[in-house]
2 protein chains.
Amino acid sequence: MRNRMCGPWWENRLNDAGFRLTNPRELVMSILRNTDKHLSAEDVYVKALAVNPSIGLTTVYRSLDLFTQIGVVQRFDFGDGKARYELNRNPLSKGHHHHLVCMRCKSIIDYNDFMQEEVELMKKTEKALSKKHHFKIMHHTIHFYGLCNECQHAEQKMIDY
Amino acid sequence: MRNRMCGPWWENRLNDAGFRLTNPRELVMSILRNTDKHLSAEDVYVKALAVNPSIGLTTVYRSLDLFTQIGVVQRFDFGDGKARYELNRNPLSKGHHHHLVCMRCKSIIDYNDFMQEEVELMKKTEKALSKKHHFKIMHHTIHFYGLCNECQHAEQKMIDY
DNA sequence: TTGATAATGAAAATCATTTTCAATATAATA
DNA sequence: TATTATATTGAAAATGATTTTCATTATCAA
């Protein structure tokens with residue numbers, strides 16, 4: 001009995017795509033819903049274990065991949081060797097943000113200042129690029145790479161001998 | 001005898017940072033200079049072997065890392081499990097571009113249409129973010145993720161059964 | 001030329017992610 | 001509700017990119 005339209009939107013999305021709603025998947029989703037951090041698969045796994053000690057790391061990976069496939073979750077690579085996952089929030093919504101990535105300590109700062117203008121431009125660019133390159137755009141990332149406050153000073157010391 | 005200011009700019013950058021100019025490093029750099037592709041470490045290694053059959057993959061990794069550290073090269077993660085490297089070109093210069101990444105076949109399209117406006121905004125945003133978050137921004141990435149022309153059709157078939 | 005030390009290459013080690021496969025859970029149907 | 005087909009799971013093994021180790025070699029300033 002598909003498409004009963006009773007659960008949260010992502011459950012319907014799962015159903016519509018022909019996937020089953022399972023405990024591990026609910027658990028993974030609840031973890032993502034209750035954080036504002038950029039969790040790695042391992043991070044999610046550790047949190048999941050606290051609730052369901054029999055869950056497997058493999059299942060966490062598979063759930064995150066699945067959610068990414070159906071567009072419920074967005075996967076990020078910040079360059080520290082492991083993927084990060086975030087609930088996919090609507091651009092222009094409160095939760096949407098972009099990232100500042102410290103190249104030295106790998107810390108990540110979210111920002112959503114100046115987003116109005118940025119998002120406007122992105123929408124415009126998306127439209128034009130879609131048409132020109134026949135590319136169906138699902139989402140975008142904007143990352144600024146550099147040095148955070150602390151690392152600028154640490155770096156300074158290094159360069160100064 | 002440092003800072004002789006005779007070689008290309010990146011050689012001086014190496015010197016200034018206290019690193020040596022070596023054959024493997026020159027080779028890696030020449031490979032990056034002579035491509036417009038997004039090469040992985042392995043890709044660079046294979047090309048390097050053709051010139052210097054005794055070069056090691058490890059050295060290629062180390063060279064790419066080093067160049068990335070000193071800002072000569074930019075490292076990208078498109079989400080296919082291996083890092084890609086590109087010569088770091090000046091925004092607003094001819095070579096600067098952003099990326100469309102196909103989530104299905106992992107192909108990458110470079111674009112530099114509509115860049116003027118985009119880069120203007122990025123500069124403005126960079127300035128504001130630097131001030132507000134005390135973050136020293138070195139470079140940025142803009143990736144649009146979606147489906148390329150071919151994969152839209154392939155995907156379509158899949159969904160349509 | 002030489003001496004200090006930075007860089008190299010081969011092999012081994014790491015570590016995130018994927019695959020395999022037998023066991024289990026799910027949802028539609030009888 | 002019981003049945004059945006099949007999607008999902010978890011453990012262990014496999015994979016594959018990147019890093020580390022360490023003995024050897026190359027570079028640069030004196």
Side-chain angles (χ1 to χ4, degrees), chain A residues 1-4 6-7 11-12 14-29 38-46 48-49 51-70 73 75-85 106 158 161, chain B residues 1-4 6-7 11-12 14-29 38-46 48-49 51-70 73 75-85 106 158 161:
Chain A
M1 201 191 284
R2 284 198 189 164
N3 285 327
R4 257 184 307 151
C6 48
E11 295 188 3
N12 297 320
L14 261 194
N15 271 322
D16 293 351
F19 298 105
R20 291 177 178 170
L21 177 58
T22 65
N23 285 324
R25 285 172 184 168
E26 280 188 299
L27 179 49
V28 167
M29 184 53 70
H38 315 85
L39 303 182
S40 66
E42 181 83 32
D43 293 338
V44 173
Y45 174 59
V46 168
L49 274 184
V51 177
N52 173 359
S54 76
I55 198 171
L57 176 57
T58 312
T59 299
V60 171
Y61 270 105
R62 282 190 286 226
S63 299
L64 291 170
D65 279 357
L66 178 58
F67 291 144
T68 303
Q69 294 298 328
I70 65 175
V73 158
R75 181 193 151 127
F76 291 92
D77 280 293
F78 294 119
D80 68 339
K82 53 189 118 184
R84 309 267 162 182
Y85 301 84
K106 310 293 181 191
M158 240 180 69
Y161 302 69
Chain B
M1 203 192 285
R2 282 198 190 166
N3 285 327
R4 257 185 306 148
C6 48
E11 294 188 2
N12 296 321
L14 261 193
N15 270 323
D16 292 351
F19 298 104
R20 290 177 179 171
L21 177 59
T22 65
N23 286 324
R25 285 172 184 170
E26 279 188 299
L27 179 48
V28 167
M29 184 52 70
H38 315 84
L39 302 182
S40 66
E42 181 84 32
D43 294 336
V44 173
Y45 175 59
V46 169
L49 276 182
V51 178
N52 173 0
S54 76
I55 198 172
L57 176 55
T58 312
T59 299
V60 171
Y61 270 105
R62 282 189 285 225
S63 299
L64 291 170
D65 279 357
L66 178 59
F67 291 144
T68 303
Q69 295 297 330
I70 65 176
V73 158
R75 180 193 152 128
F76 291 92
D77 279 293
F78 294 120
D80 68 339
K82 55 189 116 186
R84 309 268 163 182
Y85 301 84
K106 312 292 182 191
M158 241 180 68
Y161 302 72

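Chain naming here is simple, since letters A, B, ... match the order of the sequence lines and numbering starts at 1 in each. This structure is a prediction, so every number in the text was calculated from the model and none was measured.
Computed from coordinates, the A:Glu11 CD to C:dA27 C1' distance equals 15 Å when rounded to whole Å. Whole-Å rounding puts the A:Asn15 CG to C:dA27 P distance at 8 Å. We find that CZ of A:Phe19 is positioned 16 Å from P of D:dT6, with the value rounded to whole Å. Here D:dA17 presents its C1' atom at 14 Å from CG of A:Asp80, a figure rounded to the nearest Å. At whole-Å resolution of the value, CD1 in B:Ile55 and P in C:dG9 are 6 Å apart. Summarising the geometry, the separation between CG on B:Leu14 and P on C:dA6 is reported as 14 Å, rounded to the nearest angstrom. Across the protein-nucleic acid pair, B:Leu64 atom CG and C:dG9 atom P stand 13 Å apart, rounded to whole Å. At whole-Å resolution of the value, CG in B:Leu66 and C1' in D:dT19 are 15 Å apart.
Of all non-hydrogen atoms in A:Arg75 and A:Asp65, the two that sit nearest each other are NH1-OD1, 4.5 Å. Across all non-hydrogen atoms, the minimal contact from A:Val60 to A:Ala41 is CG1-O, 3.6 Å.
Between B:Leu14 and B:Ile70 the shortest side-chain heavy-atom distance falls below 4.5 Å. A heavy-atom distance below 4.5 Å is not found between the side chains of A:Phe78 and A:Lys106. No side-chain heavy atom of B:Tyr85 sits less than 4.5 Å from a side-chain heavy atom of B:Val44. Residues A:Arg25 and A:Arg20 form a side-chain contact, since some pair of their non-hydrogen atoms from C-beta on lies under 4.5 Å apart.
Using a 4.0 Å cut-off on heavy atoms, the residues of residues 20-28 of chain B that approach DNA chain D are B:Arg20, B:Leu21, B:Asn23, listed by number.
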ask   = Under the side chain to side chain contact (heavy atoms under 4.5 Å, CB included) criterion, do B:His38 and B:Phe76 qualify, and how do the steps go?
value = CA-CA 9 Å; B:His38 315 84; B:Phe76 291 92; 5.7 Å; no

Let's go through A:Ile55 and A:Asn23 carefully: what are the C-alpha distance in whole Å and the side-chain angles of both, what is the deciding distance for side chain to side chain contact (heavy atoms under 4.5 Å, CB included) to 0.1 Å, and is it a yes or a no? CA-CA 9 Å; A:Ile55 198 171; A:Asn23 285 324; over 6 Å; no

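In this view, B:Arg84 and B:Asp43, B:Asp80 satisfy the salt bridge (charged side-chain N to carboxylate O under 4.0 Å, His left out) rule, not counting sequence neighbours.
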Produce the list of close N/O pairs, under 3.5 Å, pairing protein atoms with atoms of nucleotides 15-18 of chain C; give distances to one decimal.
residue: C:dT17; atom: OP1; partner: A:Ala83; partner atom: N; Å: 2.7
residue: C:dT17; atom: OP2; partner: A:Tyr61; partner atom: OH; Å: 2.5
residue: C:dT17; atom: O5'; partner: A:Tyr61; partner atom: OH; Å: 3.3

